[in-house]
Chemist: 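Next up is a structure, given as structure tokens.
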Amino acid sequence: MRLTPQWIDWFDRPAADSGLVGEFSSVVDPKSLLEESPEPIWPGLMPPDLLPLIGNSMGDWLCGRVGADDTIVEVVHWYHGGGDCLPYGDTIAEAILYDALASRFPGKARRLAVPATDQLEPTTDSLRTTPSLRWATNHLPPQAGEVLRADFPVADTAHHLLGLGIAVVPLCCDLTLAALDNELLRRMTPQTAALLEARWEHDVVRWMFDTRNLPPEIAQRLAVLWALPAADWRTQDWETARVHCRQVADRRDDLAWAHDILGWAAERDGDLTTAISHYRHGALTSVFSDQAVRFRTHFESDRVCKFSVARLVQLNAADQLDAEYVSHLRMAQGAMESESPGWRDRVSDYWLRHARSADAASATTDRSSPKASTELAAAQRYQTLYRAGWDVGCDSIRRYCQLLGELAEAAEAARQLGRASLARTHQACLRARYLFG
């Protein structure tokens with residue numbers, strides 16, 4: 001693997017001297033990552049291109065993502081409770097600064113899960129003297145350190161860092177969540193839902209996602225119950241949400257949450273052509289990138305596991321996707337997962353068939369440049385196999401053992417040696433912990 005000077009500096013620093021102050025503070029000893037089966041890796045559940053670097057002592061990790069060029073291309077928060085992945089920055093310095101300043105970002109309060117213990121928010125004075133932040137700001141543009149000044153306006157932190165191109169994706173996610181925040185989210189309880197005879201996962205979550213979905217009669221009852229006029233708590237800034245999601249979508253196309261919000265924003269405006277375009281892109285991203293719990297887009301999950309696919313079905317535009325793929329993702333209206341076993345493996349099988357079809361097709365392609373053709377086909381095979389494991393996940397942990405081996409072979413054939421080595425390490429972890437042969 002090829003490391004930039006920043007990554008070399010990070011791995012050369014003693015873990016005990018890091019002095020991290022954010023949620024993630026348990027640094028992995030770099031030597032342990034060279035073991036045959038490093039303990040921090042959660043094989044199968046954790047995508048095969050992720051290398052755990054810093055933990056939060058609750059099972060979650062900040063991981064380096066290894067790219068096709070054998071470098072670490074970004075840092076990702078991997079959530080152990082559901083496998084969700086949220087980019088934290090392009091570099092470890094960005095991720096450390098973003099994590100340390102998390103309490104300044106309003107959308108950060110809407111989490112995937114409630115922490116087991118409350119964390120004390122560090123003061124600006126303590127942040128300025130924290131070794132890890134001094135190290136991080138030394139690896140970032142000089143203006144980044146301004147957020148640690150005693151007189152810096154805390155509310156301007158996110159936009160200041162965005163202007164410097166630091167932690168763009170997580171900050172846009174936070175600012176989108178903040179733009180869509182509303183009193184319904186803060187005040188609604190299961191007891192109130194029962195009083196309204198509303199189903200939480202389908203009705204209430206839909207209202208929380210977009211308060212315009214709230215029936216007028218329900219809004220009137222809540223206005224009386226809360227002694228708060230509906231006009232004061234139904235306001236959401238969908239235009240600001242659109243701006244931030246557009247910034248993310250212009251940078252990358254693999255994050256479902258950005259396309260889900262952009263699609264819904266267009267749908268609200270009656271622009272169905274744009275909405276369908278975003279939903280089509282979102283439908284082909286991993287379900288582990290949708291941040292559905294935080295954005296409250298899981299109100300469709302009782303019938304289709306992907307919000308974008310559910311919207312395409314609702315808009316009679318499911319023909320934008322392969323009908324077989326849609327059929328595997330769709331579940332009967334109101335069916336519980338236990339009533340539709342094996343659907344994840346059916347999706348996985350779909351991608352495996354595509355990978356093998358691509359192999360057969362590559363065998364008959366133009367041989368004028370066999371090496372380049374072989375490497376390109378192998379790179380495409382890697383991506384398809386990746387989908388087989390981490391589009392919606394697999395039902396059986398044993399399946400990942402086979403997939404990791406095939407991924408490593410595809411990466412080696414594509415000359416993506418960093419990914420190949422990491423996939424084999426994940427496979428070794430799986431075999432060691434589950435005694436697979």
Side-chain angles (χ1 to χ4, degrees), residues 1-4 6-18 20 24-81 83 85 92 95 288 348 352 355 378-379 381-383 385-390 393-437:
M1 192 181 301
R2 297 186 294 110
L3 300 177
T4 64
Q6 182 185 138
W7 280 109
I8 292 173
D9 193 25
W10 169 258
F11 286 119
D12 282 347
R13 295 170 62 246
D17 294 338
S18 58
L20 296 168
F24 293 89
S25 57
S26 301
V27 181
V28 175
D29 183 346
K31 293 179 182 178
S32 71
L33 297 175
L34 300 177
E35 298 174 356
E36 183 178 355
S37 55
E39 188 273 336
I41 291 177
W42 290 51
L45 304 178
M46 183 179 283
D49 54 354
L50 295 189
L51 182 68
L53 301 172
I54 313 173
N56 66 355
S57 302
M58 293 184 292
D60 303 337
W61 291 94
L62 290 187
C63 304
R65 170 162 272 150
V66 176
D69 61 353
D70 293 336
T71 67
I72 299 177
V73 295
E74 67 174 338
V75 177
V76 173
H77 171 188
W78 178 79
Y79 175 62
H80 80 284
C85 294
I92 189 65
F288 302 114
S348 178
L352 282 171
R381 174 176 170 78
Y382 178 92
Q383 293 299 332
L385 289 169
Y386 195 107
R387 289 175 183 263
W390 294 271
C394 299
D395 292 305
S396 169
I397 196 71
R398 184 178 292 274
R399 175 175 289 233
Y400 288 113
C401 199
Q402 172 196 346
L403 281 171
L404 287 165
E406 292 190 42
L407 275 165
E409 292 173 0
E412 286 171 347
R415 305 299 301 164
Q416 298 177 11
L417 302 185
R419 283 177 166 175
S421 177
L422 189 52
R424 292 203 184 283
T425 300
H426 279 239
Q427 186 184 45
C429 290
L430 199 64
R431 285 174 169 164
R433 285 171 214 175
Y434 295 94
L435 303 179
F436 291 156

Chemist: Determine whether Met1 and Val66 make a side-chain contact, defined as any pair of heavy atoms from C-beta on separated by less than 4.5 Å.
Modeler: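 Yes; the side chains approach each other to less than 4.5 Å.
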Chemist: Where is the tightest heavy-atom contact between Ser348 and Cys394, given as atom of each residue plus distance?
Modeler: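 Residues Ser348 and Cys394, closest heavy atoms: OG-SG, 3.9 Å.
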Chemist: Starting at CG of Leu33, measure out to CG of Leu422 and round the result to the nearest 0.5 Å.
Modeler: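 CG of Leu422 is found 9.5 Å from CG of Leu33.
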Chemist: I need the minimum non-hydrogen distance between Gly59 and His80, along with the two atoms involved.
Modeler: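 The pair with the smallest heavy-atom distance is O-CB, 3.1 Å.
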Chemist: Please report the interatomic distance SG(Cys85) to CZ(Phe288), rounded to the nearest 0.5 Å.
Modeler: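 Answer rounded to 0.5 Å: 8.0 Å.
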Chemist: To the nearest 0.5 angstrom, please state how far the CG atom of Leu407 sits from the CD atom of Gln383.
Modeler: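 It is 9.5 Å, given to the nearest 0.5 Å.
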Chemist: If you apply the rule side-chain contact (heavy atoms from CB on, under 4.5 Å), what do you find for Trp10 with Leu3, and how did you get there?
Modeler: CA-CA 10 Å; Trp10 169 258; Leu3 300 177; over 6 Å; no
Chemist: Using distance only, find each side-chain donor-acceptor pair of residues 35-54 under 3.5 Å and give its atom names and separation, not counting sequence neighbours.
Modeler:
| from | atom 1 | to | atom 2 | distance (Å) |
| --- | --- | --- | --- | --- |
| Asp49 | OD1 | Tyr386 | OH | 2.8 |
| Asp49 | OD2 | Arg65 | NE | 3.1 |
| Asp49 | OD2 | Tyr386 | OH | 3.3 |

Chemist: If you take all heavy atoms of Gly418 and Asp70, which pair is closest and at what distance?
Modeler: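 Result for this residue pair: N-OD1, 2.7 Å.
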Chemist: Applying side-chain contact (heavy atoms from CB on, under 4.5 Å) to Asp69 and Arg2, what does each step give before you reach the verdict?
Modeler: CA-CA 8 Å; Asp69 61 353; Arg2 297 186 294 110; 3.8 Å; yes
Chemist: Taking atom CG of Asp60 and atom OG of Ser26, what is their separation to the nearest 0.5 Å?
Modeler: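 If I round to the nearest 0.5 Å, the distance is 11.5 Å.
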Chemist: Answer yes or no: is there a donor N or O on one side and an acceptor on the other, between the side chain of Ser421 and the main chain of Leu417, under 3.5 Å?
Modeler: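 A pair under 3.5 Å: no.
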Chemist: Arg419 vs Glu412, test: salt bridge (charged side-chain N to carboxylate O under 4.0 Å, His left out). Steps then yes/no.
Modeler: CA-CA 8 Å; Arg419 283 177 166 175; Glu412 286 171 347; over 6 Å; no
Chemist: Is the backbone of Leu404 close enough, under 3.5 Å, to the side chain of Gln427 for a donor and an acceptor to pair up by distance?
Modeler: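 Checked: no pair found.
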Chemist: Is the shortest side-chain heavy-atom distance between Val76 and Glu74 below 4.5 Å?
Modeler: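 Of all side-chain heavy-atom pairs linking Glu74 with Val76, at least one is under 4.5 Å.
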Chemist: I want to check something: taking the side chain as every heavy atom from C-beta on, are Glu409 and Arg381 in contact at a cut-off of under 4.5 Å?
Modeler: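 No, side chains not in contact.
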Chemist: Can you tell if the side chain of Asn56 reaches within under 4.5 Å of the side chain of Trp61, non-hydrogen atoms only?
Modeler: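 Not touching, per the 4.5 Å side-chain cut-off.
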Chemist: Taking all atoms of both residues into account, what is the closest heavy-atom pair of Ala95 and Leu62, and its distance?
Modeler: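 Result for this residue pair: CB-CD1, 4.5 Å.
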Chemist: Taking the six-membered ring for Trp, are His426 and Tyr400 closer than 6.0 Å centroid to centroid?
Modeler: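 So the answer is no for these two rings.
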Chemist: Does a side-chain heavy-atom distance below 4.5 Å link Thr71 with Thr4?
Modeler: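 No - every pair of side-chain heavy atoms lies 4.5 Å or more apart.
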Chemist: Taking the side chain as C-beta and beyond, is there a heavy-atom pair between Leu385 and Leu403 under 4.5 Å?
Modeler: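 Sidechains of Leu403 and Leu385: in contact.
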Chemist: Kindly give the heavy-atom pair with the smallest separation between Tyr382 and Ala411, and that separation in Å.
Modeler: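 Tyr382 and Ala411 have their closest heavy atoms at CD1-CB, 3.9 Å.
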Chemist: Please report the closest heavy-atom contact between Gln416 and Ala379, naming both atoms and the distance.
Modeler: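 It is NE2-CB, 3.7 Å.
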